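Data first, discussion second: the structure below is written as structure tokens.
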Number of protein chains: 2
Amino acid sequence: MSVLRTGVSFAAPLDSPFQEAPAPWLNKILKGDCVSALEKLPSRSVDLVFADPPYNLQLGGDLHRPDQSKVDACDDHWDQFESFEAYDAFTRAWLLAVRRVMKPDGSLYVIGSYHNIFRVGAILQDLGFWIMNDIVWLKSNPMPNFRGKRFTNAHETMIWAVKSKDAKPTFNYDALKVFNEDLQMRSDWHLPLCTGAERLKDGKGQKVHPTQKPESLLYRVLTASSKPGDIVLDPFFGTGTTGAVAKKLGRNFVGVEREQAYIEAAEARIEAIVSGDAEALEMHQGKRAQKRIPFGTLLEAGLLTPGAKLTSANGKHLAVVRADGSLKSGAHTGSIHKVGALVQGQEACNGWTFWHIEDGARKAPIDDLRKEIRSRLQA
Amino acid sequence: MSVLRTGVSFAAPLDSPFQEAPAPWLNKILKGDCVSALEKLPSRSVDLVFADPPYNLQLGGDLHRPDQSKVDACDDHWDQFESFEAYDAFTRAWLLAVRRVMKPDGSLYVIGSYHNIFRVGAILQDLGFWIMNDIVWLKSNPMPNFRGKRFTNAHETMIWAVKSKDAKPTFNYDALKVFNEDLQMRSDWHLPLCTGAERLKDGKGQKVHPTQKPESLLYRVLTASSKPGDIVLDPFFGTGTTGAVAKKLGRNFVGVEREQAYIEAAEARIEAIVSGDAEALEMHQGKRAQKRIPFGTLLEAGLLTPGAKLTSANGKHLAVVRADGSLKSGAHTGSIHKVGALVQGQEACNGWTFWHIEDGARKAPIDDLRKEIRSRLQA
DNA sequence: ACGATCGGTGAATCGCTTC
DNA sequence: TGAAGCGATTCACCGATCG
């Protein structure tokens, strides 16, 4: 029996002599509209997409006829309906272009407000995307509602989606949990607006971009759904918040932007960023990402001997360790997991945390022995 | 200041000798599906609609907690739809029926989750409704994500819409501001789930309805968008939270419900309500004590950078900050609290006061940085 | 009586690897 | 490609029970 199985193999490092030259679009801003610019990227090439599309409903360009929905109540809203149609066509087009360049297990985040996010979400579903979460960005300092006619609009909505129901996206659960002081990261993110020194200003002190997103928002998106070295696409790059955070966090980026002024501001901004070093960028990993230690290893290593007695935490169940790494408890025999399930009459059981050994006066889960093995292997 | 404005005149009181007999459907539950049941109501007759339609959850197999107990999922037949198209047709039908019975300046609230709310919102817009706000109900005690595969789904979304762009809906701005300690009511509502004594149970102690909404949520909706004496419609009445709160607050209600069991539970519940004791109903609102600031926030905010070095006050221990908000000190990694405990060999540790940064000549606890964040969030 | 502990539960689209 | 095995995974709140 091999004591350790090798983990998942890593992709070749970027400086590997066997790797092709980096793509010409990597860590660059492509000028143009996102549908045509994305044609320069190969299919299935990006790991993560962050999109902050416009929600200006007065788009020019193609106007499509209303569909066959017979809603006579809407007759007096013809113009408005036409606008929604145009917005929907625009949304379908860029989402399809993005979909092509996403890796099969890649993630897509789209942010918007109530003006556009419902249409975006419905179209995502219609195109076959699978929604993982919707996330609300709660602004600590939103603009008040001056006329007192509505609730203060204090949040924006972000949709996290993948290409299909079967996709297995990156989700750095353990890292996020540590980030959040050992509690699961929730779907509500409390973050301030982008103001102060972070807000890009031109020579006259005017803000360069009307809706610059805070780096804290992108920091959390990239920490959650990408790994160092991944490629992050932003099809509405603006002044480059996505690229700036990607560089800080050791990710590669691709941006698409139409306005030359934004491109220049973004390039200067990203140029000034210093990447974190590899050790600092390492993500906290839980058990899931660690090498598997078969129970028999504990016997091989001498941490347990055949005949050792294990008990459940409450002392109700007793089992004996056999030389082949199986347990025997009464008439039940099998793996630590199977016997743990059988003695409890349950369908499943994690034997590592269920079974305990006497460690002096108190009981300790056999998972502690596994930790001991792991620390020996690292030494 | 009076809590509720009386600027707009009330409808004639119910006991006026000049008024016709009250409509037979007033303060009653109509049995049936909402489209056909609503045919019994005249056009333009209700002031406020609260709708909690099926969410179309599309659940897979069983889900178990880490302790192997089974999650009691919402798998009722009424939540099952064959396709998005079927759900959309259902949504259009009930929204059109509701639209007919709404007064021109009436308000509609629809609540949902990411499974359905985007489709509902897009259809609302397609039908000519005008969205006033989207509101997020942030749950203080949501169900965790047991598998660690997504963000904890800690909110639901509510859309407030009116029949047209020109509508002038009731909005009790001043009352809401008083309730909210003289701050404008925001679009994020922090409310607990409906549990404990408020949750309706059957004779066996089982919950009567899988998705009973908290009265606090309806309390706020009715307080915001209706006046005493108004008529409030709930086309998916369930166990009658809307009717119960309407009666407490002196509003009239109409309910539509298909399931006899829910109707009977709702009738008994509403019967037991005493009107007018609105003050007795405690509102869960106002700012909560102090918002928790996860350590990772300091990185997002740029107050610390990945690779920063932290020390204990006595300088004996050293740790490095990683990009995901975890610390690394020798072989120990984890949250600021966990690593603080590990390096000291203790069971617990408050990382905020244990770890320090060099601030010029002297050391400062990282709690000082948290104070800085708090002051930014309040600004 | 009062605090500590334990058990239950909430609209949930909730595995991965090997054979 | 399907079946089986391994073994990872939870937060806030409420009410009952225990000491």
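Here is how names work: the chains are called A, B, and so on, in the same order as the sequence lines, proteins then strands, and each is numbered from 1. Here the structure is a predicted model, which means the values were calculated and not measured.
- Distance from the side chain of A:Ser335 is smallest for D:dC6 among the nucleotides D:dC6, C:dT13, C:dA12.
- If you check every strand for non-hydrogen atoms under 4.0 Å, A:Asp174 touches sugar and phosphate atoms only.
- At a threshold of 4.0 angstrom between heavy atoms, the contacts of B:Gly238 with the nucleic acid are absent.
- At least one side-chain nitrogen or oxygen of A:Lys168 sits closer than 4.0 Å to the OP1 or OP2 atom of C:dC16.
- Taking CG from B:Leu218 and CZ from B:Phe50, the interatomic distance works out to 5.0 Å, rounded to the nearest 0.5 Å.
- Taking atom P in both D:dG7 and C:dC14, one finds a spacing of 23 Å when rounded to whole Å.
- With 3.5 Å as the limit, one finds a donor-acceptor pair spanning the side chains of B:His115 and B:Ser113.
- Note on B:Ser113: every side-chain N or O is 4.0 Å or more away from OP1 and OP2 of C:dA11.
- To the nearest angstrom, P of D:dG7 lies 16 Å from CH2 of A:Trp355.
- When only modelled atom types and interatomic distance are considered, B:Arg269 and B:Thr241 share a side-chain donor-acceptor pair under 3.5 Å.
- Taking side-chain N and O atoms only, A:Arg292 has no distance below 4.0 Å to OP1 or OP2 of C:dT17.
- Taking the ring centroids of A:Phe295 and A:Trp355, they lie at or beyond the 6.0 Å cut-off.
- For the C1' atom pair drawn from D:dG15 and C:dA11, the interatomic distance equals 23 Å after rounding to whole Å.
- Atom CD of A:Glu347 is separated from atom P of C:dG15 by 15 Å (rounded to the nearest Å).
- If you check every strand for non-hydrogen atoms under 4.0 Å, A:Ala348 touches a base.
- Put simply, B:Arg147 has a side-chain N or O that comes within less than 4.0 Å of OP1 or OP2 on C:dG15.
- Map A:Phe295 and B:Thr152 each onto its nearest nucleotide of DNA chain D; the residue landing nearer the 5' end is A:Phe295.
- The only option from B:Asp188, B:Asn133, B:Asp134 that meets the side chain to side chain donor-acceptor pair (under 3.5 Å) definition with A:His155 turns out to be B:Asp134.
- Closest-nucleotide positions on DNA chain D for A:Lys177 and B:Gly196 were compared, and the one nearer the 5' end corresponds to A:Lys177.
- When heavy atoms are screened at a 4.0 angstrom cut-off, B:Pro53 is found touching base atoms of the nucleic acid.
- Between the NZ atom of A:Lys287 and the CD1 atom of A:Ile293 there is a distance of 12.0 Å, given to the nearest 0.5 Å.
- Distance NE2/B:His64 to CG/B:Asp67: 10.0 Å, rounded to 0.5 Å.
- Following rounding to the nearest Å, A:Lys287 (NZ) and D:dA8 (P) show an atom-to-atom distance of 5 Å.
- Counting to the nearest Å, the P atom of C:dA11 and the CH2 atom of B:Trp137 are 6 Å from each other.
- A cation-pi arrangement is absent between B:Arg258 and B:Trp78 under the rule of less than 6.0 angstrom and at most 45 degrees off the ring axis.
- Residue A:His337 has no polar side-chain atom (N or O) positioned under 4.0 Å from OP1 or OP2 of D:dC6.
- Summary of the strand contacts: B:Leu59 and B:Lys149 both lie near DNA chain C, and taking for each the nucleotide with the nearest heavy atom, the more 5' one is attributed to B:Leu59.
- Contact annotation: B:Tyr87 side-chain N/O to C:dT13 OP1/OP2 distance is not under 4.0 Å.
- Without hydrogens or angle criteria, B:Gln80 side chain to B:Asp76 main chain gives a donor-acceptor distance under 3.5 Å.
- For the pair A:Arg288 and D:dC6, the criterion of a side-chain N or O lying under 4.0 Å from OP1 or OP2 is not met.
- For C:dA11, the OP1/OP2 oxygens have no side-chain nitrogen or oxygen of B:Lys213 closer than 4.0 Å.
- Per the geometry, NE2 belonging to B:His64 stands 20 Å off P belonging to D:dG7, to the nearest Å.
- Distance noted for atom P between D:dG5 and C:dA12: 31 Å (whole Å).
- Within 4.0 Å of A:Ile336, counting heavy atoms only, lies no atom of the nucleic acid at all.
- In this structure, B:Arg119 forms no cation-pi arrangement with B:Tyr87, as its terminal cationic atom is not both closer than 6.0 Å to the ring centre and no more than 45° off the ring axis.
- Between the CG atom of B:Asp62 and the C1' atom of C:dG15 there is a distance of 15 Å, rounded to whole Å.
- For A:Lys165 and C:dC14, the NZ to C1' distance is 12 Å, given to the nearest whole Å.
- Across all non-hydrogen atoms, the minimal contact from A:Pro104 to A:Arg44 is CG-NH1, 3.6 Å.
- Look at CZ on B:Phe151: it is 16 Å from P on C:dC14, rounded to the nearest Å.
- Looking at heavy-atom distances under 4.0 Å, A:Asn133 makes no contact with the nucleic acid at all.
- In this structure C:dT13 sits in the syn conformation; its chi angle is within 90° of 0.
- Counting any heavy atom pair closer than 4.0 Å across all strands shown, A:Arg370 reaches sugar-phosphate atoms only and no base atom.
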Atom pairs under 3.5 Å: protein N/O with N/O of nucleotides 7-10 of chain C:
residue	atom	partner	partner atom	Å
C:dG10	OP2	B:Lys207	NZ	2.5
C:dG10	O5'	B:Lys207	NZ	3.2
C:dG10	N7	B:Arg65	NH2	2.4
C:dG10	O6	B:Arg65	NE	3.3
C:dG10	O6	B:Arg65	NH2	3.2
C:dG10	N2	B:Asn141	O	3.2
C:dG10	N2	B:Pro142	O	3.0

Margin query: Could you go through A:Asp182 and B:Lys338, starting from their C-alpha distance and side-chain angles, then the distance that decides it, and tell me whether this counts as salt bridge (charged side-chain N to carboxylate O under 4.0 Å, His left out)?
Written below: CA-CA 9 Å; A:Asp182 298 326; B:Lys338 182 180 265 182; 5.1 Å; no
Margin query: Wobble G-U and Watson-Crick pairs count when both distances are under 3.5 Å; given that, what is the 5' to 3' dot-bracket string of DNA chain D, with | for pairing to other strands?
Written below: .|||||....|||||||||
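- Among the atoms of the strands shown, none is found under 4.0 Å from any heavy atom of B:Asn56.
- Of all nucleotides listed (C:dA12, C:dA11, C:dC14), C:dC14 comes nearest to the side chain of B:Asn145.
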